[in-house]
Amino acid sequence: MSMARPPVPGLSIGGVMMKKKRDKIRDLLGRGEESPAVLIKGWVRTKRDSKGGFSFLEINDGSCMSGLQVVANHSLPGYEAIAHRLTTGSCVFVSGALVRSQGRGQTLEVQAAEVGLYGTADAEKYPLQKKAHSFEFLREIAHLRPRTNTFGAVMRVRHRLAYAIHKFFHDRGFIHLHTPIITTSDCEGAGEMFQVTTLDLAQPPTCDGKVDYDQDFFGERTALTVSGQLEGEIYALALSEIYTFGPTFRAENSNTSRHLAEFWMVEPEMAFYDLEDNMDLAEEFIKALFNDVLQHCPEDMAFLNKRIDPHILETLAKVCESQFERIHYTDAVHLLEKSSEKFVYGVEWGCALQSEHERYLSEKVFKKPVIIFNYPEAIKSFYMKLNEDGETVRAMDVLLPRLGEIIGGSQREDDAALLEKRMRAKGLDPEDYWWYLDLRRFGSAPHSGFGLGFERLVQFVTGMENIRDVIPFPRTPRHARF
RNA sequence: UCCGGUGUGGCGCAAUGGUAGCGCAAGCGGCUGUUAACCGCUGUGUUACAGGUUCGAGUCCUGUCACCGGAGCCA
């Protein structure tokens, strides 16, 4: 199809724009060439007036970190009428010629032929002025914070990571599986759940003094999913390799910089993978994602490296080059026991490793990502495969320096009798999981999988300290606004 | 949820129990192919909320809420 550009440089005749199609700033800067006719649309970041009879407008349209400088001569028809309303935050369109800049600081700029105003932003009231704002403040104006440099960068990197995840799995023949948001499996041990109901909470129907869920929408008690893993296993044991990438909900009263009540999780599940295959995939996965961002988001990453975390580029590159340390839980405990480091919590075989222990191993001992595997059976979930020693399970956690656990996974128990036994031992009713046990009764296969918290990934890659600042609309205890 | 800290102009922060200030942003003026512009002037407050102690509370006490740091749970 012909996409011929209008050859006529004159863009505006009597206020009627001749060029209709918007140019994205990203595309204009990417080409880096002069052009007689461009049309940009975006938000004014700053305006600097010159008494030489013209103004400099910096326009950002979110397509990339950089804005485009517009030189607007005060003699433009109708310019004086709108000049005082071209404030920080207002939205405009500008047509004109893209030319080499006479000033320093940018190579190209737009010599405006017409400047039009879409929406004003009263400078006395608009909260985002051209100054630094704290992330705490920006969280209170989550509807405006995407217009800041940092959030633009974080969200573009977030998008790239999501894309890279799909690409990584697709290229390896994995099927993207949509697992249900509403579930009935309410005792996976993955945390408190949000109940889903259409019952009148003021006067719920009762039966024998208890709420009668038979009258609820689904005829039984339901909740928002805390994991797509169990459903993922169903499809892995049919399509071989699948992954889920969807929202996950935990009703924990967690108030930390690493927890959200609603977050996105990636959960690959693979038939015929043992724990080692699983660890191989996890390591390859992390490295592929970091490499992808380094390669495709150089401008945003350079900004984050300059303003957010001065070591982030170096850190990501190091992870890509490193060989993840793989260590038995038992050896990790020995290392911690022998350490001269003073820990708040003591260490002994059988206890769960604390944040301080994990950080010590990844930051001080190995100074790179660490995968700890073969954890004690007692501290891990029922579905993890028991080792021959009868004491440990084939579980693994991937720990990143500073962030801690980013991936948790395991080889799944594929023996129906053993699985049922462990369910009972952990106080679960095998009847509730009849379909999960069926997978082991009919054509069972060794299989493995892991879960990765998407926001924690974005956190690590961008260097952002608070998880609430890497998701568009954070949900945390007492906060569901916007 | 636990421990600790904080809450004061739009934002970031000061103020020994005794007249609430500074910087940034904003408004006005000046200057300049400017660019985190610069220079001058101006305005900006129920000191988170509810009680209490005191002649007098931003400051002390009690409670609530929020935010930050750490921890637990976890991803």
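Values reported hereafter were calculated over all heavy atoms of this structure, with side chains retained and with hydrogens, waters and symmetry mates removed. A note on names: the letters A, B, ... follow the listed sequences, proteins ahead of strands, and every chain is numbered from 1. Small disclaimer: the values here were computed from a predicted structure and weren't measured.
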Going by side-chain hydrogen bond (donor to acceptor under 3.5 Å, both in side chains), name the residues that satisfy it together with A/S355, two or more places apart in sequence or in a different chain. none
Between B/G29 and B/G69, how far is it from one P atom to the other, in whole Å?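 Each nucleotide's P atom is 43 Å from the other's.
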By side-chain hydrogen bond (donor to acceptor under 3.5 Å, both in side chains) - contacts of A/R158 (at least two apart):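 Expected list: A/E455.
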With heavy atoms under 4.0 Å as the rule, sort A/F263 into base, sugar-phosphate or nothing. base
Can you name the side-chain hydrogen bond (donor to acceptor under 3.5 Å, both in side chains) partners of A/S362, sequence neighbours left out?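 Per chain and number, A/S362 pairs via side-chain hydrogen bond (donor to acceptor under 3.5 Å, both in side chains) with no residue.
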Looking just at side-chain N and O atoms, do A/T248 and A/E262 make a donor-acceptor pair shorter than 3.5 Å?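 Side-chain D/A pair, A/T248 to A/E262: absent.
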Suppose we screen for ring-ring contact (aromatic ring centres under 6.0 Å, His included). Which residues come up paired with A/Y235, at least two apart in sequence or across chains?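 Testing A/Y235 for ring-ring contact (aromatic ring centres under 6.0 Å, His included), a comparison that skips the adjacent residues, returns none.
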Out of B/U34, B/C74, B/A71, whichever nucleotide has its closest atom nearest the side chain of A/T256: B/A71
Once ring-ring contact (aromatic ring centres under 6.0 Å, His included) is applied, do any residues pair with A/Y79, and if so which ones, sequence neighbours excluded? A/H74
How far, in whole Å, is B/G58 from B/U46 if one measures between their P atoms? 13 Å
Distance between P atoms of B/A48 and B/C13 (Å, rounded): 14 Å
Does A/H133 contact B/C11 through a side-chain donor or acceptor facing the base, at a distance under 3.5 Å?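 No.
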Tabulate protein N/O versus nucleotide N/O from nucleotides 64-67 of chain B, keeping only pairs under 3.5 Å, one per line.
unit_1 : atom_1 : unit_2 : atom_2 : d
B/C65  : O3'    : A/R478 : NE     : 3.2
B/A66  : OP1    : A/R478 : NE     : 2.1
B/A66  : O3'    : A/H479 : NE2    : 3.2
B/C67  : OP1    : A/H479 : NE2    : 2.4
B/C67  : O3'    : A/R139 : NH1    : 3.3

A/R160 with A/D292: basic N within carboxylate O range, under 4.0 Å: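 Yes, charged N to carboxylate O under 4.0 Å.
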For residues 341-354 of chain A, which residue pairs pass the side chain to side chain donor-acceptor pair (under 3.5 Å) check, not counting sequence neighbours? A/T330-A/W349, A/E341-A/K364
Reckon A/E267 touches a base, only the sugar-phosphate, or nothing at all at heavy-atom distances under 4.0 Å?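 Counting heavy atoms under 4.0 Å across all strands, no contact is made by A/E267.
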When you measure from the side chain of A/A123, which nucleotide among B/A26, B/G33, B/G72 comes out closest?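 Nucleotide nearest to A/A123's side chain: B/A26.
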Side chain of A/V71 (C-beta onward), nearest among B/C11, B/G72, B/G33: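 Nearest to the side chain of A/V71 among the choices is B/G33.
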Please report the distance separating the P of B/A57 from the corresponding atom of B/A20, rounded so that it comes out in whole Å.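 About 12 Å, rounded to a whole number of Å.
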List in chain and number order the residues that pass ring-ring contact (aromatic ring centres under 6.0 Å, His included) with A/F245, two or more places apart in sequence or in another chain; answer none if no residue qualifies.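 By the ring-ring contact (aromatic ring centres under 6.0 Å, His included) rule, A/F245 matches A/H166, A/F454.
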Flag the pair A/R422 and A/E413 as a salt bridge only when some basic side-chain nitrogen lies within less than 4.0 angstrom of an acidic carboxylate oxygen.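 Salt bridge flag = no for A/E413 with A/R422.
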How far, in whole Å, is B/U16 from B/G23 if one measures between their C1' atoms?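 Each nucleotide's C1' atom is 24 Å from the other's.
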Who are the ring-ring contact (aromatic ring centres under 6.0 Å, His included) partners of A/H170, not counting sequence neighbours? none
What stems, by residue range, does RNA chain B take part in, given at least 3 consecutive Watson-Crick or G-U pairs under 3.5 Å? B:1-7 with B:65-71, B:10-13 with B:21-24, B:26-30 with B:38-42, B:48-52 with B:60-64
Pairs under 3.5 Å (N/O, protein and nucleotides 36-47 of chain B):
none

Of all the choices, B/G69, B/G72, B/G27, which nucleotide is nearest to the side chain of A/E465 once you look at every atom? B/G69
I'd like the C1' distance from B/G4 over to B/C39, given in whole Å.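 The answer is 45 Å between these two C1' atoms.
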Pairs touching residues 143-155 of chain A that satisfy salt bridge (charged side-chain N to carboxylate O under 4.0 Å, His left out), sequence neighbours left out: A/R145-A/D469
May I ask you to say what A/Q106 touches in the nucleic acid, namely base, sugar-phosphate or nothing, with a heavy-atom cut-off under 4.0 Å?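 Base contact - A/Q106 has a heavy atom under 4.0 Å of at least one base atom.
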When you measure only distances, ignoring hydrogens and angles, does the side chain of A/E109 come within 3.5 Å of the base of B/G33 through a donor and an acceptor? yes
So A/I406, base contact, sugar-phosphate only, or nothing? Heavy-atom distance under 4.0 Å.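 The answer is sugar-phosphate, as A/I406 gets under 4.0 Å only of primed atoms, P, OP1 or OP2.
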Donor-acceptor pair (no angle test) under 3.5 Å: A/E356 side chain, B/G72 base: no
Any N/O donor-acceptor pair, A/S254 side-chain to B/C73 base, under 3.5 Å: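 Indeed there is one.
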